[in-house]
2 protein chains.
Amino acid sequence: MAGPKILVVDDEPNIRDLLTASLRFAGFQVRAVGNGAATISAVLEDEPDLIVLDVMLPDMNGFSVTKRLRGAGYTSPILFLTAKDSTEDKITGLTVGGDDYVTKPFSLDEIVARIRAILRRTMMEEEESTLKVGEISMDQDSHEVFIGDEVIELSPTEFKLLRYLMLNPNRVVSKAQILDHVWEYDFNGDAGIVESYVSYLRRKLDPFTSEPLIQTKRGFGYMLKSPKA
Amino acid sequence: MAGPKILVVDDEPNIRDLLTASLRFAGFQVRAVGNGAATISAVLEDEPDLIVLDVMLPDMNGFSVTKRLRGAGYTSPILFLTAKDSTEDKITGLTVGGDDYVTKPFSLDEIVARIRAILRRTMMEEEESTLKVGEISMDQDSHEVFIGDEVIELSPTEFKLLRYLMLNPNRVVSKAQILDHVWEYDFNGDAGIVESYVSYLRRKLDPFTSEPLIQTKRGFGYMLKSPKA
DNA sequence: AAGTTTCCTGAGAGTTATCTGAATATTTAT
DNA sequence: ATAAATATTCAGATAACTCTCAGGAAACTT
């Protein structure tokens, strides 16, 4: 019930809310603020286990905030959000220890996966990094997908789509849901692309499975069936 | 969980925090201070197993601090931090016993590696100095890299990059993370240089391996695969 | 059974990531 | 001082990937 505490820092209310909702749903305790000053006090007050920090804030940048936090003795990991096209995207040198970067625009599931990966390493909770559903297993550290001992090569999007399906076994997920979770939040294309990628996945995976992998629930979406449960 | 105790001494909060976070993540117990006077009392109080000491402090220099510490009976090793342009011969007199020095700006992984090397010698902990991943082995003391009994000559940067990859087997590391850990902390160049060095490493290593060494995980980073896991 | 809707998949255009050779700059060694 | 080794930048080539579209197949409706 009481998952790790996460502080979300972004000045765009849209993204803040998007992240807050997603992380709450993923089982984290979430608090969100919109500027650097509020970050400092929120950290001192709550001592979050991880901070999701946009490096472009109205009052300070990621450097200053990190500096202030580390100076105040805060040592928990930070996941930095950086704009990909920004002229000032040379913000290397920020990640120490278990920190990591994610570029905007990101996909919601990608953020959750990265947060889990960091906490797995820093909080030493014996959490499994391998997902297993039926005959498929996916190692989230090495990004490898296995069926039996056959390694399946997947493109980034194929990998993220499969991960989302594997995180929701025995549950029908709609194309709209998939689009919201797997694609970047500013993607404004057609839901038909999900069909294409489901097709790609089937082509790569089905030759190695004993039965078809991804079930189509006509009119509703797709589902990955797990024999157990 | 209780690693060796390390005292970090530097007057620049930036570097102090960078070091603190990195060393904590590496499993050390870390305390940090910012001047010579605080160093003396911290040592007497905590009896650290190693001190990371900037030689240019506001109140005393490395000579004085070391002299005072040795005079007080403190015998544990010291890793000195020196500015590159400062006269290095002054340092040579300081590093006696198990001591060592590193020039600023340093790379975070280099510091951790040097500390580990010193502690290996002084604390006699039966810790392995040879890294092995798949067919490659690396002796961190002699800086030699082997594939089978073939010795591979690597430049300093090539060596550090390979070490970082070998310390993270079966885990995808992004180019930004590599840059932050392997290159000096003030490097503000492009991440493309990582691509160049990966290319160099492959050219030198792949002729001797049975399968390609460094795997590219397009869109995510690079990974070194270890057969056992 | 015919019509309608939804889904599947191949083809292709456009984009992006990565690799590598070569040029330049810098450091180290002689 | 000069030469050699190493570090960094750059740009073209290549390969991989993303996304759209459209015809046909399958499933559902009437």
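Proteins get letters first, then strands, A, B, ... in listed order; numbering begins at 1 in each.
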Inter-end axis angle, the helix from C:dA1-D:dT30 to C:dT30-D:dA1, with every axis fitted to five base pairs (rounded, 10 degrees):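 Overall, the helix from C:dA1-D:dT30 to C:dT30-D:dA1 bends by 30° from one end axis to the other.
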
Which of parallel (below 30°), tilted (30 to 60°) and perpendicular (above 60°) describes B:H143 and B:F159?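 The arrangement is parallel - the two ring planes meet at less than 30°.
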
Mind checking ring pair (Phe, Tyr, Trp, His ring centres under 6.0 Å) for A:F80 and listing every partner two or more places apart, or none if nothing turns up?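 With sequence neighbours excluded, A:F80 shows a ring pair (Phe, Tyr, Trp, His ring centres under 6.0 Å) to no residue whatsoever.
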
Rounded to whole angstrom units, what separation is found between the [atom1] atom of [X] and the [atom2] atom of [N]?
X: A:L201; N: C:dC7; atom1: CG; atom2: P; value: 17 Å
X: B:E195; N: D:dT8; atom1: CD; atom2: P; value: 15 Å
X: B:E153; N: D:dA4; atom1: CD; atom2: C1'; value: 15 Å
X: A:Q215; N: D:dA27; atom1: CD; atom2: C1'; value: 16 Å

Would you call B:R16 and B:D54 a salt bridge, taking side-chain N to carboxylate O under 4.0 Å as the test?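 Salt bridge: no.
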
Between B:K225 and A:E144, is the closest basic N to carboxylate O distance under 4.0 Å?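 Salt bridge between A:E144 and B:K225, a charged N being under 4.0 Å from a carboxylate O: yes.
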
Identify each atom pair where a protein N or O and an N or O of nucleotides 17-21 of chain D are less than 3.5 Å apart, giving names and distance.
residue, atom, partner, partner atom, Å
D:dT18, OP1, A:T157, N, 3.0
D:dT18, OP1, A:T157, OG1, 2.3
D:dT18, OP2, A:S155, OG, 2.6
D:dT18, OP2, A:Y197, OH, 2.9
D:dT18, O5', A:Y197, OH, 3.0
D:dC19, OP2, A:W183, NE1, 2.7
D:dC19, N4, A:Y200, OH, 2.7

Ignoring backbone atoms, test whether B:T216 places a side-chain nitrogen or oxygen under 4.0 Å from the OP1 or OP2 oxygen of C:dA17.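 Indeed not, no polar side-chain atom of B:T216 lies that close.
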
If you look at every heavy atom in B:L154 and B:E158, which pair is closest and at what distance?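 Closest heavy-atom pair between B:L154 and B:E158: CA-OE1, 3.3 Å.
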
Counting the atoms with a prime plus P, OP1 and OP2 as sugar-phosphate, which does A:Y222 contact under 4.0 Å by heavy atoms, base, sugar-phosphate, or nothing?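 Result for A:Y222 = sugar-phosphate.
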
For the residue pair A:D17 and A:T20, confirm or rule out a side-chain donor-acceptor distance under 3.5 Å.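 Judged by distance alone, the side chains do not pair up.
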
